[in-house]
> 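Pasting a structure here, questions to come.
Position 1 is the first residue of the sequence; numbering continues from there.
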Amino acid sequence: MVAIPQKASTVILLREGDIKGFEVFLLKRHEKNSFMGGNFVYPGGRVDREDGSLEICSYSKGITFEEAYRILGGTLSREESFAHWIAGIRELFEEACILLAYDHKGNPFEYKNEEDRRRFIDYRDQLQKGKMTICQIAKESNILLALDQLYYYAHWITPEARQERFDTRFFLARHPEGQEASYDQKETMEGIWLSPQRALEENLNRKIALSPPTLK
(Lines give C-alpha, C1' and ligand atoms only; values in the text may rest on other atoms or scores of the structure.)
Protein backbone atom coordinates (compact mmCIF):
# COMPACT_ATOMS: atom_id res chain seq x y z
CA MET A 1 0.00 0.00 0.00
CA VAL A 2 1.39 3.41 -1.00
CA ALA A 3 1.78 5.84 1.92
CA ILE A 4 -0.05 9.14 1.62
CA PRO A 5 2.48 12.03 1.75
CA GLN A 6 2.10 14.46 4.64
CA LYS A 7 2.10 18.21 3.95
CA ALA A 8 5.37 19.88 4.99
CA SER A 9 7.33 23.11 4.67
CA THR A 10 11.10 23.57 4.41
CA VAL A 11 13.16 26.76 4.52
CA ILE A 12 16.44 27.29 2.66
CA LEU A 13 18.14 29.85 4.92
CA LEU A 14 20.72 32.01 3.14
CA ARG A 15 23.40 34.46 4.21
CA GLU A 16 26.22 36.33 2.48
CA GLY A 17 29.49 34.40 2.41
CA ASP A 18 32.80 35.60 3.84
CA ILE A 19 34.38 36.02 0.41
CA LYS A 20 31.91 35.95 -2.46
CA GLY A 21 28.47 34.52 -3.06
CA PHE A 22 26.27 33.05 -0.33
CA GLU A 23 26.03 30.19 2.15
CA VAL A 24 23.16 27.92 3.17
CA PHE A 25 22.35 26.57 6.64
CA LEU A 26 22.25 22.77 6.85
CA LEU A 27 21.18 20.53 9.72
CA LYS A 28 22.34 16.95 10.26
CA ARG A 29 19.36 14.79 11.20
CA HIS A 30 19.84 12.39 14.09
CA GLU A 31 21.19 9.02 12.97
CA LYS A 32 18.22 7.21 14.54
CA ASN A 33 15.63 9.33 12.75
CA SER A 34 13.37 7.19 10.55
CA PHE A 35 13.37 9.76 7.73
CA MET A 36 16.74 10.80 6.20
CA GLY A 37 18.61 9.81 9.36
CA GLY A 38 22.22 11.08 9.27
CA ASN A 39 21.60 13.26 6.21
CA PHE A 40 22.12 17.01 6.02
CA VAL A 41 18.87 18.84 5.24
CA TYR A 42 17.27 22.27 5.42
CA PRO A 43 15.14 23.20 8.47
CA GLY A 44 11.55 22.05 8.03
CA GLY A 45 8.76 19.73 9.06
CA ARG A 46 5.08 18.86 8.98
CA VAL A 47 2.30 21.39 8.50
CA ASP A 48 0.00 21.37 11.56
CA ARG A 49 -3.76 21.94 11.42
CA GLU A 50 -3.40 25.07 13.59
CA ASP A 51 -0.99 26.63 11.07
CA GLY A 52 -3.92 27.64 8.86
CA SER A 53 -6.14 29.12 11.59
CA LEU A 54 -7.66 32.60 11.55
CA GLU A 55 -6.09 33.23 14.96
CA ILE A 56 -2.53 32.81 13.71
CA CYS A 57 -3.43 34.92 10.68
CA SER A 58 -4.08 37.86 13.02
CA TYR A 59 -0.50 37.55 14.34
CA SER A 60 1.17 37.49 10.94
CA LYS A 61 1.96 39.98 8.20
CA GLY A 62 2.88 40.00 4.54
CA ILE A 63 0.85 37.16 2.95
CA THR A 64 -2.93 36.77 2.84
CA PHE A 65 -4.91 33.55 2.40
CA GLU A 66 -5.69 34.57 -1.16
CA GLU A 67 -2.06 35.40 -2.03
CA ALA A 68 -0.82 32.10 -0.57
CA TYR A 69 -3.45 30.24 -2.59
CA ARG A 70 -2.40 32.00 -5.80
CA ILE A 71 1.35 31.55 -5.25
CA LEU A 72 1.00 27.80 -4.66
CA GLY A 73 -0.99 27.46 -7.87
CA GLY A 74 -4.48 26.95 -6.47
CA THR A 75 -3.96 23.21 -5.85
CA LEU A 76 -4.72 23.46 -2.11
CA SER A 77 -7.41 25.28 -0.16
CA ARG A 78 -6.69 28.85 0.90
CA GLU A 79 -6.24 27.75 4.53
CA GLU A 80 -3.89 24.91 3.57
CA SER A 81 -1.87 27.20 1.31
CA PHE A 82 -1.49 29.84 4.05
CA ALA A 83 -0.56 27.14 6.57
CA HIS A 84 2.61 26.34 4.61
CA TRP A 85 4.00 29.83 5.28
CA ILE A 86 3.21 29.58 9.00
CA ALA A 87 4.72 26.08 9.15
CA GLY A 88 7.88 27.38 7.49
CA ILE A 89 8.23 30.16 10.10
CA ARG A 90 7.47 27.77 12.96
CA GLU A 91 9.78 24.98 11.83
CA LEU A 92 12.63 27.42 11.15
CA PHE A 93 12.32 28.67 14.73
CA GLU A 94 12.02 25.16 16.18
CA GLU A 95 14.93 23.65 14.27
CA ALA A 96 17.28 26.59 13.65
CA CYS A 97 16.25 29.12 16.36
CA ILE A 98 15.63 31.77 13.68
CA LEU A 99 12.42 33.76 14.05
CA LEU A 100 11.24 35.75 11.03
CA ALA A 101 9.04 38.47 12.51
CA TYR A 102 8.33 42.18 12.89
CA ASP A 103 8.25 44.08 16.18
CA HIS A 104 5.34 46.31 17.24
CA LYS A 105 6.83 49.20 15.24
CA GLY A 106 7.02 47.16 12.04
CA ASN A 107 10.81 46.75 12.16
CA PRO A 108 12.53 43.38 11.56
CA PHE A 109 12.61 41.45 14.84
CA GLU A 110 15.88 41.54 16.81
CA TYR A 111 16.80 40.56 20.35
CA LYS A 112 16.93 43.62 22.62
CA ASN A 113 19.57 42.15 24.91
CA GLU A 114 20.93 38.85 26.24
CA GLU A 115 17.94 38.39 28.56
CA ASP A 116 15.60 38.78 25.59
CA ARG A 117 17.62 36.22 23.60
CA ARG A 118 17.41 33.70 26.43
CA ARG A 119 13.66 34.26 26.68
CA PHE A 120 13.20 33.29 23.06
CA ILE A 121 15.44 30.25 23.47
CA ASP A 122 13.03 29.18 26.23
CA TYR A 123 10.10 29.87 23.88
CA ARG A 124 11.73 27.56 21.35
CA ASP A 125 12.03 24.82 23.96
CA GLN A 126 8.39 25.24 25.01
CA LEU A 127 7.31 25.14 21.36
CA GLN A 128 9.22 21.91 20.73
CA LYS A 129 7.64 20.29 23.81
CA GLY A 130 4.15 21.32 22.73
CA LYS A 131 3.69 23.56 25.77
CA MET A 132 3.31 26.72 23.66
CA THR A 133 2.17 27.50 20.14
CA ILE A 134 3.79 29.91 17.69
CA CYS A 135 0.61 31.99 18.03
CA GLN A 136 1.05 32.27 21.81
CA ILE A 137 4.69 33.29 21.35
CA ALA A 138 3.71 36.04 18.90
CA LYS A 139 0.97 37.26 21.23
CA GLU A 140 3.14 37.33 24.37
CA SER A 141 6.02 39.03 22.54
CA ASN A 142 3.87 41.58 20.69
CA ILE A 143 5.31 40.58 17.32
CA LEU A 144 3.93 39.67 13.89
CA LEU A 145 5.26 36.68 11.98
CA ALA A 146 6.96 37.98 8.81
CA LEU A 147 5.47 35.79 6.11
CA ASP A 148 6.74 38.09 3.36
CA GLN A 149 10.29 37.09 4.31
CA LEU A 150 9.61 33.61 2.90
CA TYR A 151 9.83 33.25 -0.88
CA TYR A 152 8.26 30.18 -2.48
CA TYR A 153 10.86 28.18 -4.39
CA ALA A 154 10.02 24.54 -5.14
CA HIS A 155 7.70 21.58 -4.60
CA TRP A 156 8.91 18.04 -3.88
CA ILE A 157 7.01 14.84 -3.08
CA THR A 158 8.79 11.82 -1.59
CA PRO A 159 8.78 8.86 -4.05
CA GLU A 160 6.10 6.19 -3.60
CA ALA A 161 8.69 3.56 -2.71
CA ARG A 162 9.32 5.23 0.69
CA GLN A 163 7.20 4.19 3.69
CA GLU A 164 7.33 7.73 5.13
CA ARG A 165 6.46 10.39 2.57
CA PHE A 166 6.16 14.19 2.50
CA ASP A 167 4.53 16.65 0.13
CA THR A 168 6.89 19.56 0.73
CA ARG A 169 6.92 23.21 -0.30
CA PHE A 170 10.38 24.78 -0.19
CA PHE A 171 10.93 28.45 0.64
CA LEU A 172 13.93 30.78 0.54
CA ALA A 173 14.71 33.20 3.39
CA ARG A 174 17.53 35.61 4.20
CA HIS A 175 19.26 35.12 7.55
CA PRO A 176 18.08 38.04 9.75
CA GLU A 177 20.60 40.30 11.48
CA GLY A 178 20.99 39.93 15.23
CA GLN A 179 20.04 36.23 15.33
CA GLU A 180 22.25 33.15 15.32
CA ALA A 181 21.22 29.89 13.68
CA SER A 182 21.69 26.80 15.86
CA TYR A 183 20.59 23.16 15.74
CA ASP A 184 18.01 21.88 18.25
CA GLN A 185 20.10 19.03 19.77
CA LYS A 186 17.00 16.80 19.61
CA GLU A 187 16.08 15.84 16.05
CA THR A 188 19.35 17.29 14.72
CA MET A 189 22.97 16.71 15.74
CA GLU A 190 24.83 19.50 13.97
CA GLY A 191 24.27 22.79 12.15
CA ILE A 192 26.67 24.19 9.54
CA TRP A 193 26.90 27.04 7.05
CA LEU A 194 28.35 26.06 3.67
CA SER A 195 28.46 27.55 0.21
CA PRO A 196 26.50 25.41 -2.29
CA GLN A 197 29.76 24.53 -4.07
CA ARG A 198 31.42 23.43 -0.83
CA ALA A 199 28.36 21.39 0.17
CA LEU A 200 28.36 19.58 -3.16
CA GLU A 201 32.10 18.89 -2.90
CA GLU A 202 31.80 17.50 0.63
CA ASN A 203 28.87 15.33 -0.43
CA LEU A 204 30.92 14.00 -3.37
CA ASN A 205 33.86 13.29 -1.02
CA ARG A 206 31.48 11.59 1.45
CA LYS A 207 32.24 14.03 4.25
CA ILE A 208 28.55 14.85 4.49
CA ALA A 209 25.45 13.16 3.04
CA LEU A 210 22.90 15.42 1.37
CA SER A 211 19.29 14.29 0.99
CA PRO A 212 18.05 14.18 -2.64
CA PRO A 213 16.07 17.49 -2.53
CA THR A 214 18.97 19.24 -0.80
CA LEU A 215 21.42 17.87 -3.35
CA LYS A 216 19.20 19.02 -6.21
> Can you sort out the partners of D116 under salt bridge (Lys or Arg N to Asp or Glu O under 4.0 Å), two or more places apart, ordered by chain and number?
R119
> Please check this pair: side chain of E202 against backbone of K207, looking for a donor-acceptor N/O pair closer than 3.5 Å.
no
> In terms of hydrophobic clustering (I, L, V, M, F, W, Y; side-chain heavy atoms under 4.5 Å; direct or indirect links), are L54 and V47 co-clustered?
no
> Hydrophobic clustering (ILVMFWY, side-chain heavy atoms < 4.5 Å, transitive) - are F170 and Y69 grouped together?
no
> Answer yes or no: is there a side-chain heavy-atom contact under 4.5 Å between Y102 and Q149?
yes
> Taking C-beta and beyond as the side chain, do W193 and R15 meet within less than 4.5 Å on heavy atoms?
yes
> Between S141 and A138 (side chain of the first, backbone of the second, donor and acceptor by atom type, cut-off under 3.5 Å), is there such a pair?
no
> Please check this pair: side chain of Q136 against backbone of T133, looking for a donor-acceptor N/O pair closer than 3.5 Å.
yes
> Contact between I63 and L150 at the side-chain level, heavy atoms closer than 4.5 Å - yes or no?
no
> Strictly below 4.0 Å, N to O, side chains only: are R124 and D184 in salt-bridge contact?
no
> Does the side chain of W85 reach to within under 4.5 Å of the side chain of F171, using non-hydrogen atoms?
yes
> When hydrophobic residues are tied together by side-chain contacts of less than 4.5 Å, even through go-betweens, does L13 share a cluster with L26?
no
> Donor-acceptor pair, distance only, cut-off 3.5 Å: does the side chain of N113 make one with the backbone of E115?
yes
> Is it true that the NZ or CZ of R78 lies under 6.0 Å from the centre of F65's six-membered ring and within 45 degrees of the ring axis?
no
> Would you say the side-chain atoms of E23 pair up with the backbone N or O of L14, donor to acceptor, closer than 3.5 Å?
no
> Is it true that D51 and H84 share a donor-acceptor pair across their side chains at a distance under 3.5 Å?
no
> Do the charged groups of K7 and E80 touch, with an N to O distance under 4.0 Å?
no
> Are L100 and L145 joined in one hydrophobic group, where the rule is that I, L, V, M, F, W and Y side chains link up if heavy atoms are under 4.5 Å apart?
yes
> Compute the ring centroids of F166 and W156, then answer whether they are less than 6.0 Å apart.
no
> Is there a donor-acceptor contact under 3.5 Å from the side chain of E110 to the main chain of G178?
no
> Whether D125 and K129 form a salt bridge (side-chain N of Lys/Arg under 4.0 Å from carboxylate O of Asp/Glu) is what I want to check.
yes
> State yes or no: are the ring centers of Y42 and Y153 separated by less than 6.0 Å?
no
> Should the pair E66-R70 be classified as a salt bridge under the 4.0 Å nitrogen-to-oxygen rule?
no
> Is a side-chain N or O of R165 found less than 3.5 angstrom from the main chain of P159, in a donor-acceptor match?
yes
> Can you check whether E201's main-chain N or O pairs, donor with acceptor, with N205's side chain at less than 3.5 Å?
yes
> Would you say the side-chain atoms of N142 and Y59 include a donor-acceptor pair closer than 3.5 Å?
no
> Should R46 and E164 count as an ion pair when the cut-off is N to O under 4.0 Å?
yes
> Side chains of Q179 and F120, heavy atoms from C-beta outward: is any pair under 4.5 Å?
no
> I86, L99: one ILVMFWY side-chain cluster at the under-4.5 Å cut-off?
yes
> Any idea which heavy atoms bring N39 and S211 closest together, and the distance?
ND2-CA, 3.5 Å
